[in-house]
Engineer: 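Sending over a structure as structure tokens; questions will come in a sec.
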Amino acid sequence: MLQKIKRKCRPAVLLLITGFAISMASVLVGISMTEAVLRSAAEDAASLPVAQTMHNTGLSLAMSVYMFSVVNCAVTANYLVISRKRDLAVCKAFGWTNTDIIWRLAKEFSAALAAGLLLGWRITAFFSSLSRGIISVEITPFLIISTLALLAFTQILSMAAPVVQILKIHPAEVIG
């Protein structure tokens, strides 16, 4: 069991988890603020334009950090495929299809992103307790659905380049 964990915790995977956790912490705060702003805008529709209010809440900063996270995830996923190209060629030589390999990498990537999300929740809770409620995240259905949608979006975008790389790997690359 310990060997399996050591094998999965490569430096690139740890970088992916840490980077995604930090960005998700800011995005969770941004989503929570967005919901609060939308709720207050619905109650008082005449006070401020919603776009201006959302800009003031820091949503644009949270989304900028999230987009940086997507780029980080894409680069890390691409590096994982490049560094394991020989292993993937061996898998193809033993009869694995492209779909099998892509699903395997998608599962590994999902586990890393889920770990990053959980770590992001913990970071947000820690800063919420330190800031005495200034930074707070209220767990609501909107927050959960938004977070899962961002997680799925991140995985889809991040797996695009590795899928192309996987399709180009030939089993003959092992011989040589």
Engineer: Roughly how far, to the nearest 0.5 Å, is the CZ atom of Arg84 from the SG atom of Cys91?
Structural biologist: 8.5 Å
Engineer: Is any side-chain heavy atom of Thr99 closer than 4.5 Å to a side-chain heavy atom of Ile102?
Structural biologist: no
Engineer: Looking at Lys92 and Ile166, what are the two nearest heavy atoms and their distance?
Structural biologist: NZ-O, 2.7 Å
Engineer: If hydrophobic clusters are built from ILVMFWY residues whose side chains come within less than 4.5 Å, do Ile123 and Phe126 share one?
Structural biologist: yes
Engineer: Is there a side-chain contact between Met67 and Val71 (heavy atoms, below 4.5 Å)?
Structural biologist: no
Engineer: Applying side-chain hydrogen bond (donor to acceptor under 3.5 Å, both in side chains) as the test, list every pair that has at least one member in residues 155-167; sequence neighbours left out.
Structural biologist: Ser110-Gln155
Engineer: What distance separates Leu117 CG from Thr154 OG1, expressed to the nearest 0.5 Å?
Structural biologist: 9.5 Å
Engineer: Determine, using the 4.5 Å side-chain heavy-atom cutoff (strictly less than), whether Val81 and Trp96 are members of one ILVMFWY cluster.
Structural biologist: yes
Engineer: Is any side-chain heavy atom of Leu105 closer than 4.5 Å to one of Leu88?
Structural biologist: yes
Engineer: May I ask whether Ile156 and Leu167 are part of the same hydrophobic cluster, defined by side-chain heavy atoms of I, L, V, M, F, W, Y residues being less than 4.5 angstrom apart, directly or through others?
Structural biologist: no
Engineer: As an exercise, state the distance from CG of Leu150 to CG of Leu113, rounded to the nearest 0.5 Å.
Structural biologist: 11.5 Å
Engineer: Sequence neighbours left out, what passes side chain to side chain contact (heavy atoms under 4.5 Å, CB included) with Ile145? Give chain and number order.
Structural biologist: none
Engineer: Quick check: is Ile169 connected to Val163 through a chain of hydrophobic side chains (ILVMFWY, heavy atoms under 4.5 Å apart)?
Structural biologist: yes
Engineer: Taking only residues two or more places apart in sequence or in another chain, which ones pass salt bridge (charged side-chain N to carboxylate O under 4.0 Å, His left out) with Arg104?
Structural biologist: Glu108
